[in-house]
Amino acid sequence: MRTYDFTPLYRASVGFDRMANLLDRALTADTATTYPPYNIEKLGDDAYRISIAVAGFTADELNVEARENALTVTARKAEADTKTTYLHRGIAQRAFEKTFQLADHVHVTGARHADGMLHIELERQVPEALKPRQIEIAGGAKSGAAAIEGTSEAVEA
């Protein structure tokens, strides 16, 4: 396995430590869990959906929490009163915690649980101050234009 040292990045930049930590986490995640399976969909320019397969869990047993730039989904199965004897148990109902790193200005707009799937809606909401804006270009100064015209007439004469 190859490891990377991000120390030079920390020495040469300010404010990129979150990005370096994200890269470090992605490159060293050998034991990334695949449970539960999930999809990340892009619905539009600024709209996304995370769909997580949560078969066997009720909406009360699921928790979705957005904090800073992280979205955490946890599930804890309530203890059943009756002891069931399974001949085969292929549907995993084990507790899990899944964390997704969110980009700046990405907010959770809703979540719904239907047909064994948990759908979490996300939207990028860029503040007006950070959106690109068109800068109006003022017409040239009259005195500068006249001076240029005046010099060209003097040259022609």
Side-chain angles (χ1 to χ4, degrees), residues 1-140:
M1 179 182 160
R2 197 173 221 183
T3 60
Y4 296 96
D5 182 19
F6 290 107
T7 307
L9 180 64
Y10 289 124
R11 287 192 307 250
S13 62
V14 176
F16 290 98
D17 47 333
R18 182 171 162 252
M19 180 65 78
N21 287 338
L22 186 63
L23 283 171
D24 188 39
R25 218 175 313 132
L27 292 172
T28 59
D30 286 340
T31 60
T33 61
T34 59
Y35 179 79
Y38 63 92
N39 293 333
I40 300 176
E41 305 168 62
K42 184 170 183 171
L43 304 175
D45 288 340
D46 292 325
Y48 304 90
R49 178 187 302 138
I50 298 174
S51 298
I52 304 172
V54 291
F57 289 97
T58 65
D60 295 335
E61 296 168 332
L62 298 168
N63 184 34
V64 178
E65 180 178 309
R67 180 179 296 162
E68 295 176 11
N69 288 4
L71 171 69
T72 304
V73 179
T74 56
R76 304 273 182 260
K77 192 69 181 162
E79 294 296 323
D81 292 337
T82 61
K83 298 294 181 187
T84 304
T85 303
Y86 290 96
L87 299 178
H88 172 73
R89 188 168 188 175
I91 300 173
Q93 294 180 346
R94 62 182 180 262
F96 68 86
E97 180 173 317
K98 194 81 172 160
T99 301
F100 300 92
Q101 294 298 317
L102 301 178
D104 292 336
H105 313 298
V106 173
H107 302 283
V108 177
T109 58
R112 62 184 169 83
H113 179 260
D115 301 327
M117 298 291 289
L118 174 64
H119 301 284
I120 303 167
E121 306 294 329
L122 305 165
E123 183 178 359
R124 179 177 314 160
Q125 300 170 349
V126 179
E128 284 297 321
L130 298 179
K131 287 184 180 177
R133 55 189 172 98
Q134 193 69 28
I135 308 298
E136 185 178 327
I137 301 172

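Using a 4.5 Å heavy-atom threshold, the side chains of Phe100 and Asn69 count as separate. Using a 4.5 Å heavy-atom cutoff, the side chains of Leu102 and Leu122 are in contact.
Contact between Leu118 and Val54 at its shortest, heavy atoms only, is N-CG2, 3.8 Å. Here the shortest heavy-atom pairing between Glu61 and Gly56 reads OE1-O, 3.9 Å.
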Could you go step by step and tell me if Leu71 and Ile50 meet the side-chain contact (heavy atoms from CB on, under 4.5 Å) rule? CA-CA 10 Å; Leu71 171 69; Ile50 298 174; 3.8 Å; yes

task: Go through the steps for Val108 and Ile120 under the test side-chain contact (heavy atoms from CB on, under 4.5 Å), then give the verdict.
output: CA-CA 7 Å; Val108 177; Ile120 303 167; 3.9 Å; yes

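Sparse packing is recorded around CD1 of Ile91, with 12 or fewer heavy atoms of other residues, nucleotides or ligands lying under 6.0 Å away.
Shown here are the side-chain contact (heavy atoms from CB on, under 4.5 Å) partners of Thr99, two or more places apart in sequence or in another chain: Ala70, Thr72, Glu97, Gln101. Judged as a side-chain hydrogen bond (donor to acceptor under 3.5 Å, both in side chains), and not counting sequence neighbours, the contacts of Glu65 are Arg67. Listed by chain and number, the residues in a side-chain contact (heavy atoms from CB on, under 4.5 Å) with Pro132 amount to none (sequence neighbours excluded). Residues meeting the side-chain contact (heavy atoms from CB on, under 4.5 Å) test with Ala53, sequence neighbours left out: Pro37, Met117. Applying the ring-ring contact (aromatic ring centres under 6.0 Å, His included) criterion to Tyr35, with sequence neighbours excluded, gives Phe96. For Ala47, the side-chain contact (heavy atoms from CB on, under 4.5 Å) partners at least two apart in sequence or on another chain are Leu43.
For the pair Lys77 and Phe57, the cation-pi test (distance below 6.0 Å, angle within 45°) is passed.
Each side chain to side chain donor-acceptor pair (under 3.5 Å) pair with one or both residues in residues 86-95, not counting sequence neighbours, appears once here: Arg89-Gln93. Contacts classified as side chain to side chain donor-acceptor pair (under 3.5 Å) and involving residues 116-133 (residues at least two apart or in different chains) are given here: Tyr48-Arg124, Arg49-Glu121, Ser51-His119, Glu128-Lys131.
Taken to the nearest 0.5 Å, the NE2 atom of His107 stands 11.0 Å off from the CG atom of Asp46.
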